[in-house]
**Student:** 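I have a structure I would like to understand better, so I am pasting it below and will then ask my questions one at a time.
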Amino acid sequence: GEEVAQTPKHLVRGEGQKAKLYCAPIKGHSYVFWYQQVLKNEFKFLISFQNENVFDETGMPKERFSAKCLPNSPCSLEIQATKLEDSAVYFCASSQWDTDTQYFGPGTRLTVL
Amino acid sequence: GESVGLHLPTLSVQEGDNSIINCAYSNSASDYFIWYKQESGKGPQFIIDIRSNMDKRQGQRVTVLLNKTVKHLSLQIAATQPGDSAVYFCAEKENTDKLIFGTGTRLQVFP
C-alpha cells in the first residue's frame with residue numbers, strides 16, 4: 001500500500017498478558033522502524049529492520065520485548081508480559097532506503113490495566 | 001547523551017500570521033533533520049527535511065532553516081491556518097538512521 005498500516009488501533013491488556021502489534025510498511029520500502037510514544041511526548045526508538053534482518057535493536061528492552069519482520073507478512077512487535085509502564089502509543093515507520101525519509105503509521109494505542 | 005530539544009512548549013498565533021517553531025540539537029555529527037506534524041490521535045506526518053549541507057529549504061508555506069554554528073533548527077509557517085494546529089516535532093537522524101525526536105511544540109491557531 002501507499003501508507004503504513006498498523007493494527008490494531010487500540011489494544012487493552014491486563015498486566016502480565018501478552019500484547020502483539022502489527023505493521024505493514026509502504027510497498028517497496030525496505031526499512032521498518034518501531035517507536036514508542038508515552039504521554040503524547042517524546043518518541044523512543046525501539047528497533048529497526050532492513051527487510052527481515054534486524055538493523056538496529058539498541059532501543060529494545062532486553063526482556064519481554066521482541067520483534068520480527070518476515071517475508072510476505074506484516075512486521076510484528078510483541079510484549080510477552082505487559083507492565084503498566086508499557087502503556088503508550090506504538091508507531092511503526094518505513095523508509096525506502098536507510099537514508100530516506102521515514103513515514104509513520106497511525107499507531108497502536110496499548111493500555112495496560 | 002545526545003538530544004534534540006525545543007525552546008517553547010506552546011505557541012499561540014492568530015490566523016494569517018507567520019509561525020516560527022524552534023529546535024536546538026546537540027549532536028554536531030547529525031547530517032539530516034526533519035520536521036513532523038502530529039495531530040491528535042494520528043501518527044507524525046512528514047512536513048519538510050533538510051540535510052546538513054544546506055542552510056535553508058522551502059516547501060509550500062513552510063521553510064526550514066538550519067544554523068550549524070549554533071546547532072539550531074527552525075520551522076517557519078507562512079499565513080498560519082487553523083488546520084496547522086498540531087504538535088510539531090523536530091528530529092535528527094543518527095548514523096544508524098534511527099530518529100531522535102525533540103519533545104514537541106504545540107501550535108494553537110486562533111481566528
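Scope of the values below: all heavy atoms of this structure, side chains included, with no hydrogens, waters or symmetry mates. Chain naming here is simple, since letters A, B, ... match the order of the sequence lines and numbering starts at 1 in each.
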**Student:** Treating Ile, Leu, Val, Met, Phe, Trp and Tyr as nodes and any side-chain heavy-atom pair under 4.5 angstrom as an edge, say whether L84(A) and L110(A) lie in one connected cluster.
**Tutor:**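 In one cluster with L84(A): L110(A), yes.
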**Student:** Let me check something: do F46(B) and V4(A) share a hydrophobic cluster, defined by ILVMFWY side-chain heavy atoms less than 4.5 Å apart, either directly or through other members?
**Tutor:** yes
**Student:** Taking atom CD of E85(A) as the centre, report whether more than 12 heavy atoms of other residues, nucleotides or ligands fall under 6.0 Å from it.
**Tutor:** yes
**Student:** Between T101(A) and Y32(B), is there a side-chain donor-acceptor contact under 3.5 Å, judged purely by atom types and distance?
**Tutor:**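 Yes, side-chain donor-acceptor contact under 3.5 Å.
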**Student:** Given the rule that I, L, V, M, F, W and Y join up when any side-chain heavy atoms are under 4.5 Å apart, are I79(A) and L11(A) in one cluster?
**Tutor:**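 Looking at the clustering, L11(A) is in the same group as I79(A).
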**Student:** What part of Y31(A) lies closer than 4.5 angstrom to a heavy atom of chain B: side chain, backbone, both or neither?
**Tutor:** neither
**Student:** Does any backbone or side-chain atom of K9(A) lie under 4.5 Å from a heavy atom of chain B? Answer side chain, backbone, both or neither.
**Tutor:** side chain
**Student:** Would K98(B) and T58(A) count as a side chain to side chain contact (heavy atoms under 4.5 Å, CB included) here? Give the steps.
**Tutor:** CA-CA 10 Å; K98(B) 63 187 178 188; T58(A) 55; 3.3 Å; yes
**Student:** Output the distance between atom NZ (K44(A)) and atom CD1 (I100(B)), rounded to the nearest 0.5 Å.
**Tutor:** 11.5 Å
**Student:** Nearest 0.5 Å, what's the CZ-NZ distance between F91(A) and K42(B)?
**Tutor:** 12.0 Å
**Student:** Should V13(B) and W35(B) be regarded as members of a common hydrophobic cluster, given that ILVMFWY residues are connected when their side-chain heavy atoms come within less than 4.5 Å of each other, either directly or indirectly?
**Tutor:**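 Yes, because V13(B) and W35(B) connect within a single hydrophobic cluster, where side-chain heavy atoms sit under 4.5 Å apart.
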**Student:** For L99(B), which of F43(A), F33(A), F45(A), F104(A) qualifies under side chain to side chain contact (heavy atoms under 4.5 Å, CB included)?
**Tutor:**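 Running side chain to side chain contact (heavy atoms under 4.5 Å, CB included) over F43(A), F33(A), F45(A), F104(A) with L99(B) returns exactly one hit, F104(A).
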**Student:** Which heavy atom of Q37(A) sits nearest to which heavy atom of F89(B), and what is that distance?
**Tutor:** NE2-CZ, 3.7 Å
**Student:** Shared ILVMFWY cluster between Y35(A) and F65(A), side chains joined below 4.5 angstrom?
**Tutor:** no
